[in-house]
Q: 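Sharing a structure with you now.
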Amino acid sequence: MSIDTQAATDRLMRFLAVEGVTGKEAAIGRELAAALQESGVPADAIRLDDANTRIPVPTETGNLIVDLPGRGAMHNQPRIMFMTHMDTVPLCAGAKPKLKGRKIVNEAKTALGGDNRCGCGVLVTLAAELAKQKLDHPPITLLFCVREESGLWGARHVKTQDLGSPIMAFNYDGGSASNVTIGAVGADRWHVEIFGRASHAGVAPERGISSTMVLALALADLKAGGWFGKVVKGKRQGTSNVGPVTGGDGRPAGDATNVVTDYVHVRGESRSHDAKFFKEITKAYKAAFEKAAKRVKNSQGKSGRVKFKAETDYYPFRMKESLPVVKRAVAAVSAMGNTPSIRAASGGLDANWMVRHGVPTVTFGAGQNEPHTIDEWINRDEYDRACALAVQLATMR
C-alpha cells in the first residue's frame, strides 16, 4: 500500500511541536482539525463532543470526532472506526522534536510525545491518502480521545451514538505496527487516608499516633504477603503499586520532624488480566491498612483509623482470535508483508473502554519507543508502516 511518507512525517513533526498534555488538549485539537481540512476533510465533518463535561477532572475540550462517508463500491458497507488519543504525559511539555536519520528524537530534556502524536499522524494521514488517491472504502469514523494518559477518560465518557455505530475499531497507541493487541489488563485505582494524632515528638511522643507508622506497617505486611509489585497467587497473576504519599493537596506528609505525623494520604493501583483478581489485590490493601491502623496505639490506648476508597479505572478484556476485527487485523498486517504478533497489553488502553462500549477494538503500534521517559524516540520505518497499515485496513475487501 503506497503512501506519501514525506507528507506523513511532516504531519508528525507538526503535531509533535504542539503541546497538549493530558487535560489540556485544546491546542492539539485545533491543529488536528486544521490538518484534516488541509487534507480534504470538510469542516462540517469535524466536531468536538461534550465528554469533557462528564469527566470528573478539569478537561479543556471534548473528544475530536470525524465522519468520512464511504466511497465507491464499498460506500454502503458497515462503518468502521480508527482511533487514537491526542494527549501526552506532562513530562512532554516543552519537547523539541528533531529528525535524526530514520529516527525522530528530542532536543529537550523532556519526553518526546510520540505517545501519542504518532497515532494522530496515522489517522490524519489515513484521511489524506483516502482523499488524495480516491480510494474505495466503507464509512469511517476517526476518534481522537482526550485524557487517555490520566485514566482513559475520553474513551470512557464518549457517547457511542456519536460514533455512527461502527462494527469494529482499530486503535493506534504504542510499539510495533505488527503488534495485534487483542487484550489488556483491568485496574483499580485506590486511595487511603490515614488519620493519627499529632503530639510533640520530643516531649510526649507516646501521646501521638503516627500515620507514617501505620503506612509502614501496612506496606511491610503487604510485601511479606506477596501483594506488592508482581503478585502471583497460584495460577493468578497481577501487579500492584503505591504511588504518591502526601499530606493531601500536594502538601508533604507531616509538618515537622518534632511532630508526630497525624495525617497521610496514599494513592495506588491494582492490575490484572483476571477481572476478579485485581479486586482481590485491592481488598488485600484495604485489609492491610485497616489492620495496621489498629496496631498503632498511643499511651491512652487509642489507635489510628483509615478511610479506604477504590474505583475501577478500566476493565480487562481479551477478544477471541476468531472475531472479524482480529481476522481483519491479521490479514492486513500479513498483506503488508509483515508477521502479525497477537498479544495482550499489561497496561490500560482506550480499547478497554471501547470493548466495554460494545465496539471490538484491536490496537496497533506506530513506532513509539521508550514512552513516558526523556529517552523517548520514534522509529520512522514503523510509523510509515503504521500509516500504510491504516490505509490497508480501511480499503481491504
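This chain uses plain numbering: 1 for the first residue, then up along the sequence.
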Q: Is Val122 reachable from Phe82 through a run of hydrophobic residues whose side-chain heavy atoms are each under 4.5 Å from the next?
A: yes
Q: Would you call Lys309 and Glu311 a salt bridge, taking side-chain N to carboxylate O under 4.0 Å as the test?
A: no
Q: Around Arg236, counting heavy atoms of other residues, nucleotides and ligands shown, do more than 12 lie under 6.0 Å from its CZ?
A: yes
Q: Enter the distance from Thr88:OG1 to Glu148:CD here, rounded to the nearest 0.5 Å.
A: 11.0 Å
Q: If you group Ile, Leu, Val, Met, Phe, Trp and Tyr whenever their side-chain heavy atoms sit less than 4.5 Å apart, what else falls in with Ile194?
A: Trp190, Val192, Ile209, Met213, Val214, Leu215, Leu217, Leu219, Leu222, Trp227, Phe228, Val231, Val242, Val245, Val264, Val266, Phe277, Ile281, Tyr285, Phe289, Val296, Val306, Phe308
Q: State plainly whether the residues Lys283 and Asp188 are in salt-bridge range, i.e. N to O under 4.0 Å.
A: no
Q: Return the set of residues passing side chain to side chain contact (heavy atoms under 4.5 Å, CB included) with Ala51 (not counting sequence neighbours), or none when no residue passes.
A: Asp49, Arg54, Asn63, His157
Q: Looking at Arg117 and Glu31, does any basic side-chain N land under 4.0 Å from a carboxylate oxygen?
A: no
Q: State whether Glu280 and Lys233 are salt-bridged, where the test is any N-O pair (Lys NZ or Arg NE/NH1/NH2 against Asp/Glu carboxylate O) under 4.0 Å.
A: no
Q: Roughly how far, to the nearest 0.5 Å, is NZ of Lys307 from CZ of Phe195?
A: 5.0 Å
Q: Going through the checks in order, is the side-chain hydrogen bond (donor to acceptor under 3.5 Å, both in side chains) test met by Lys279 and Thr312?
A: CA-CA 9 Å; Lys279 290 291 184 185; Thr312 298; 2.4 Å; yes
Q: Is Tyr172 reachable from Ile28 through a run of I, L, V, M, F, W or Y residues, each pair having side-chain heavy atoms under 4.5 Å apart?
A: yes
Q: Please round to the nearest 0.5 Å and tell me the distance separating atom CG of Leu142 and atom CG of Leu163.
A: 11.0 Å
Q: Given 3.5 Å as the limit, does a donor-acceptor pair link the side chain of Arg71 with the main chain of Lys134, or not?
A: no
Q: Assess the residue pair Thr361 and Asn171 against the criterion (side-chain hydrogen bond (donor to acceptor under 3.5 Å, both in side chains)); give the C-alpha distance rounded to whole Å, side-chain angles, the decisive distance to 0.1 Å, and a yes or no.
A: CA-CA 7 Å; Thr361 303; Asn171 181 40; over 6 Å; no
Q: Kindly say whether Arg147 contributes a backbone atom to a donor-acceptor pair with the side chain of Glu25 at under 3.5 angstrom?
A: yes
Q: Measure the NE2-NE2 distance between His191 and His265 for me, rounded to the nearest 0.5 Å.
A: 5.0 Å
Q: Should Val359 and Val326 be regarded as members of a common hydrophobic cluster, given that ILVMFWY residues are connected when their side-chain heavy atoms come within less than 4.5 Å of each other, either directly or indirectly?
A: no
Q: Looking at Asp313 and Arg271, does any basic side-chain N land under 4.0 Å from a carboxylate oxygen?
A: no
Q: Under a 4.5 Å side-chain heavy-atom rule over Ile, Leu, Val, Met, Phe, Trp and Tyr, are Met81 and Leu126 clustered together?
A: no
Q: Quick check for you: to the nearest 0.5 Å, what is the distance between Ile378 atom CD1 and Tyr383 atom OH?
A: 8.5 Å
Q: Would Thr363 and Thr181 satisfy side-chain hydrogen bond (donor to acceptor under 3.5 Å, both in side chains), going step by step from the backbone distance to the final call?
A: CA-CA 5 Å; Thr363 300; Thr181 302; 5.7 Å; no
Q: Nearest 0.5 Å, what's the CZ-CG distance between Phe144 and Leu123?
A: 4.5 Å
